[in-house]
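See structure below.
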Protein chains: 2
Amino acid sequence: MTANAGPAEGVPGRGALFQLLRDGRPRTRAELSAETGLARSTIADRIDRLLAAGLLRYADKAGSTGGRPPSMFAFNPAARVVLAADVGATHVTVAVADLGGSVIAEREHAIDIADGPEAVLGDVVANACALLTEAGRRRQELLGIGVGLPGPVEHATGRPVRPPIMPGWDGFDVRTYLHERLGVVSLVDNDVNLMALGEHRTHWPESPNMMFVKVATGIGSGLVSDGRLHRGSRGAAGDLGHVQAPHGEDVPCRCGNLGCLEAVASGAAVAARLKARGLPVESGVDVVALARNGSVDALRALRQAGRDIGEVLAAAVSLFNPSVIVVGGALSQAGEHLIAGVREVVYRRSLPLATEELRIVQSRAGDQAGVLGAAAMVIDHALSPQELDALLAG
Amino acid sequence: MTANAGPAEGVPGRGALFQLLRDGRPRTRAELSAETGLARSTIADRIDRLLAAGLLRYADKAGSTGGRPPSMFAFNPAARVVLAADVGATHVTVAVADLGGSVIAEREHAIDIADGPEAVLGDVVANACALLTEAGRRRQELLGIGVGLPGPVEHATGRPVRPPIMPGWDGFDVRTYLHERLGVVSLVDNDVNLMALGEHRTHWPESPNMMFVKVATGIGSGLVSDGRLHRGSRGAAGDLGHVQAPHGEDVPCRCGNLGCLEAVASGAAVAARLKARGLPVESGVDVVALARNGSVDALRALRQAGRDIGEVLAAAVSLFNPSVIVVGGALSQAGEHLIAGVREVVYRRSLPLATEELRIVQSRAGDQAGVLGAAAMVIDHALSPQELDALLAG
């Protein structure tokens, strides 16, 4: 639950002091006392511990070169770092981020998800540690690691739950594996949830209700409700890919059902359809390249995929009433054609009340959305009152 | 936002003291100090104010008849009351509830929503005040009023937003109207949202992700995400009634679109279909009566309505991943036939991960769901740290 809570969330008691300061504004002891109602002795003790841990810094412009002692305190995001990893089917992006969630180093490398959890995660850990060294940070500065995986994850335990494209990963205890190797807190979530969180924190913090739709080889979505990730009861929320598409009735899907949205409008589905018509495409990325070269067939196919996605999103808009839908993933890189198809159907089919302030836009965080979200998830957890108490006591 | 937060939500600073005590467990000053980190002087002052307002009581079994002074304090739900009103198209239920959300008096009376806001709300206020007197409570004990309306409501402002069945209500400032007449805080929401909240708080507090579906003259739903009502950006979330039903393509809906779920599977739609076949029914209530008398036509029609609703709910389950779907409203009173149809399709069509722990059940709060939710909404708000500070200062 704490991993869900944004920095604005209130917390009881002495934890309130640091949570207030996370907004970046420096404060005096007297201000902290007035804003929290905490005892002066509690405030003094808390500030001492946070200064010792490096999480607070003196924020006086005059510095500490004599005269009156410094009296303003501010959050110090550079104090520690977290690792973030966005694991896909064929590659991993690893990043080092500061406690403000900003990426300070990043690298990508190839993997095969089918090699199983120990091989892939061993590789992630090795690359992450190398990146940490490159960034000039020490292992002792590491506060946690957040990881996104391309399948359903039970967030509380960090275990993939029967992920369709991840043979050997079902039920694997990813959190414990990472904790044993790195000695820090680790959190795991579905990759699209983390893309939604990353996009929300960096570009839409003022839009409490957001939907992020990833259109790539598959189709998935992540939901932000009242500023928090809505994961659902099994971490399965946002699974748009296997909702029945209105015009997809006879198309078989890899999940075993017929007519799923993913079987009709994903990058793989669009590529297969164009290939069957003799066009030189193998994947969604090829379709995007063709569209960029002006292929009318590719543009039409993207527009139609957008309409098919729009049919399912129209129902999602009526149900969830977001103020913004962000479309990301490889197939969204082809410019406005896919999104134009989405808009066409959503604005026609949904109720006026649900669409009058709705924006449907392309991802701005782009390829970084996943690691930004993974970093935000683990920072929120590591700096939550409970974890922080443990850190300051230890 | 505060109206959304349940009692378990943490709050910063001195507000933490009362929020802790809302769980009902008595505590000593020392325990309150240890749990909140608040200064002893802050705690003493806070307790004095809460005792003076009646919101805390001494909880010592020995009482205060000499010897050591009492030292345990507990929340006193009987201190004040709130009013709750569930406004429908043709009748209103008004209730008086204590601060624990329990209904202590209730009455129902007929109205016509088309008489407009001043007539209907004037009537609600008159009935509510009479009920308050009947319950032996004074106006000075009133802390707030919560109202549910049968249409979309912008929760922040309390104004209906183009409600289809409420002529004259569009944009009417319900909160201010009620505040001027009663002199207390008032909050307004869509009736199905409040049914969802009432059902959740009283029967499913351990299920953080819940969907409540009302099947009556119309069809609507309310979503609970992580224990909080998900209202969406315009308060329009949960509008299942105008999602396209897979087999409803040519049926005109009152909203102007074709094939909406409400045009196919609502109480009104089922009644119209049976009536066209010569059965003596005018409404969903008549259909339920017929089904209870064993009419095979009525039972079949209810089962099919359940299947049609199930088609749309299957997509909602993939998107929202609730652990429980509660079905309420007049048409759900016919026993298991409607719900059996819902289950049949949802369990067939949704992904196994989303349904393996999903329960689909009949409403337990029944006719009281709306007023229970309205009471919970206004209590959460009135006892929130901000409102409470104002109350204790004033």
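Quick note on labels: first sequence line is chain A, next is B, and so on, each numbered from 1. Note that the coordinates shown come from a computational prediction; the quantities given were computed from them, not determined experimentally.
For a residue to count as touching a neighbouring chain, one of its non-hydrogen atoms must lie under 4.5 Å from one of that chain's; by this rule B:L258 touches chain A with the backbone only. Only the backbone of A:A34 comes within less than 4.5 Å of a heavy atom in chain B; its side chain stays farther off. Of the atoms belonging to A:P208, not a single heavy atom falls under 4.5 Å from chain B. Neither the backbone nor the side chain of A:A314 comes within less than 4.5 Å of any heavy atom of chain B. Neither the backbone nor the side chain of A:L32 comes within less than 4.5 Å of any heavy atom of chain B. Interface remark: A:R162 contributes side-chain atoms only to the contact with chain B (heavy atom separation under 4.5 Å).
Counting heavy-atom pairs closer than 4.5 Å to chain A, the top-ranked of the candidates B:S221, B:S207, B:S318, B:P322 is B:S318. No other option in A:R234, A:M210, A:R348 has as many heavy-atom pairs under 4.5 Å with chain B as A:R234. Of the listed residues B:V161, B:V243, B:T42, B:D239, the one with more heavy-atom pairs under 4.5 angstrom with chain A than any other is B:D239. Here A:Q244 is the residue among A:M211, A:Q244, A:H242, A:R40 with the most heavy-atom pairs under 4.5 Å with chain B.
The CG atom of A:L38 lies 8.0 Å from the OG1 atom of B:T36; values are rounded to the nearest 0.5 Å.
Taking 4.5 Å as the limit, some side-chain heavy atom of A:L319 sits within range of a side-chain heavy atom of B:L223.
Of all heavy-atom pairs between A:N321 and B:A237, the closest is CB-N, 3.5 Å. The shortest non-hydrogen separation linking B:S225 to A:H230 is OG-ND1, 2.9 Å.
Below 4.5 Å, heavy atoms of chain A meet heavy atoms from B:L351, B:P352, B:L353, B:E356, B:E357, all part of residues 350-359 of chain B.
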